[in-house]
Amino acid sequence: QPLISSDTAPSQQSRILPTLVAILTASSVIVQAALSVTYPIISAALACGLSFLGLSFDACRWKSGHTRSFPKILDSSLFVLWLLTLFIFLYLPSSDHISQFLKLYSGVVNLGALGLISWLSLLIAEGGWIYQVASDKPIDEKIRNSDIFKATCRRITMLWGVIFVVMAAGQLVNSITNLYLDDENNLKHDSQTVNILLGILWNMVCVAFGKRLTKSVILKGKERGRRAREERDGLNV
């Protein structure tokens with residue numbers, strides 16, 4: 001029996017698994033963004049493993065009827081992205097131009113791809129990838145299917161597309177000004193301080209800022225929903 005309807009109390013599994021999936025998905029992005037400028041192969045392997053675990057747990061939710069969509073656009077896209085990056089690092093010679101380019105710019109490519117995936121998901125799924133995640137929340141069916149709820153999800157999806165691109169911009173500056181390959185094609189930095197600032201802290205600030213903006217968008221969506229209900233109730237009087 002599916003446990004995603006609003007009139008059913010969520011079980012412990014239905015509360016824990018979506019949180020775990022979200023943590024694994026977010027962790028894969030954070031690991032890739034933070035470590036790709038220092039340990040590109042390790043970051044790709046860790047991100048790939050985290051994404052695979054997230055997909056596996058979400059598949060369990062799908063099989064037991066605890067999620068409305070599988071595979072989700074963002075989760076599956078991330079896994080393919082990390083897997084392709086890892087494949088290139090492991091199977092192409094270190095002297096190959098593609099491998100060398102990815103060592104220097106894998107963070108830029110992957111984060112830029114996430115931005116593009118976010119925007120393209122608006123064409124694939126109503127409300128984008130955010131709606132696929134939000135629709136699993138224990139909310140009223142009328143709210144879930146409302147235009148305001150879907151519009152809010154679209155705005156958040158577009159927002160995170162921008163956030164990912166801004167993160168990629170920081171990585172690009174770091175890659176151009178601070179990273180290079182030595183004679184053995186190992187990744188090196190001119191300045192470890194710049195690497196920490198642009199390669200790690202910049203991403204953390206962007207994510208924190210994105211979460212804050214997301215809360216603002218949600219609050220505005222709730223306010224629009226409240227006004228719409230008041231107007232509807234006023235017409236029914």
Side-chain angles (χ1 to χ4, degrees), residues 17 20-62 70-121 124 129 132-133 160-161 163-176 178-189 192 195-196 198-204 206-207:
L17 280 184
L20 183 58
V21 171
I23 290 174
L24 289 169
T25 301
S27 297
S28 73
V29 176
I30 293 171
V31 164
Q32 174 65 13
L35 297 183
S36 63
V37 293
T38 306
Y39 308 105
I41 297 178
I42 294 177
S43 68
L46 288 175
C48 190
L50 291 168
S51 285
F52 178 77
L53 286 176
L55 280 171
S56 299
F57 285 126
D58 211 33
C60 293
R61 295 178 65 217
W62 170 258
F70 178 82
K72 293 180 175 60
I73 295 172
L74 183 68
D75 298 359
S76 55
S77 298
L78 284 175
F79 178 67
V80 172
L81 193 61
W82 308 148
L83 186 63
L84 180 61
T85 302
L86 182 62
F87 177 83
I88 290 174
F89 282 146
L90 292 180
Y91 290 98
L92 289 183
S94 60
S95 58
D96 185 89
H97 293 309
I98 296 177
S99 179
Q100 291 178 343
F101 177 84
L102 275 184
K103 281 185 178 180
L104 291 170
Y105 298 101
S106 62
V108 180
V109 171
N110 290 329
L111 288 170
L114 283 178
L116 182 60
I117 289 167
S118 294
W119 295 327
L120 288 178
S121 72
I124 300 172
W129 65 265
Q132 291 185 322
V133 176
W160 277 99
I163 294 296
F164 288 138
V165 171
V166 171
M167 291 170 68
Q171 297 278 47
L172 179 61
V173 173
N174 187 37
S175 296
I176 293 175
N178 190 46
L179 303 185
Y180 66 95
L181 297 176
D182 62 14
D183 294 336
E184 297 180 354
N185 291 313
N186 295 316
L187 192 62
K188 299 293 183 180
H189 314 88
Q192 190 63 38
N195 185 55
I196 293 174
L198 293 177
I200 299 176
L201 293 182
W202 174 256
N203 295 318
M204 295 173 63
C206 287
V207 170

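These numbers were taken from a predicted model, which means no experiment stands behind them.
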Keeping S121 on the side-chain end and S118 on the backbone end, is there a donor-acceptor pair under 3.5 Å?
yes

Main chain of V166, side chain of W202: is a donor-acceptor contact present, judged purely on distance under 3.5 Å?
yes

For F52, does the CZ atom sit with more than 12 other heavy atoms under 6.0 Å from it, leaving out its own atoms?
no

Does W82 reach the side chain of L46, with side-chain heavy atoms less than 4.5 Å apart?
no

Would you check if the side chain of S43 reaches a backbone N or O of P40 as a donor-acceptor pair within less than 3.5 Å?
yes

Main chain of I73, side chain of Q132: is a donor-acceptor contact present, judged purely on distance under 3.5 Å?
yes

Find the distance between SG (C206) and CH2 (W160) and round it off to the nearest 0.5 Å.
9.0 Å

Heavy-atom side-chain contact between Q32 and S106 under 4.5 Å:
yes

Ignoring hydrogens, what is the shortest heavy-atom contact between V165 and G115? Give both atom names and the distance.
CG2-CA, 4.2 Å

Validation row: N110, V29 side chains within 4.5 angstrom (heavy atoms)
no

Looking at every heavy atom in both S76 and L55, which two are closest together, and how far apart are they?
N-CD2, 4.0 Å

Return the CG to CD1 distance between L53 and I23, rounded to the nearest 0.5 Å.
12.5 Å

Output for pair (L20 CG, D58 CG), nearest 0.5 Å, gives 10.5 Å

Are the side chains of V133 and L74 in contact, using a 4.5 Å heavy-atom criterion?
no

Can you tell me how far apart NZ (K188) and CG (L179) are? Round to the nearest 0.5 Å.
12.0 Å

What distance do Q171 atom CD and N195 atom CG have between them, rounded to the nearest 0.5 Å?
8.5 Å

Minimum-distance pair of heavy atoms, taken over all atoms of L198 and G170:
CB-O, 3.9 Å

Provide the closest heavy-atom pair for L78 versus S51 in the form atom of the first, atom of the second, distance.
CB-OG, 3.9 Å

Can you check side-chain contact (heavy atoms from CB on, under 4.5 Å) on F87 and L92, steps first, answer last?
CA-CA 8 Å; F87 177 83; L92 289 183; 5.9 Å; no

Shortest non-hydrogen separation from A44 to F89 and the atoms involved:
CB-CD1, 4.3 Å

Whether over 12 other heavy atoms sit under 6.0 Å from L90 CG
yes

To the nearest 0.5 angstrom, please state how far the CZ atom of F164 sits from the CG atom of L116.
12.0 Å

Any Q100 side-chain heavy atom under 4.5 Å of L104 side chain:
no

Report yes if some heavy atom in the side chain of I30 is under 4.5 Å from a heavy atom in the side chain of N203; otherwise report no.
no

Could you check whether atom OH of Y39 has more than 12 heavy atoms from other residues, nucleotides or ligands sitting under 6.0 Å from it?
no

Heavy atoms only: give me the nearest I117-S77 pair and the separation to one decimal.
CD1-CB, 3.5 Å

Just by distance, do the side chain of N178 and the backbone of N174 share a donor-acceptor pair under 3.5 Å?
no

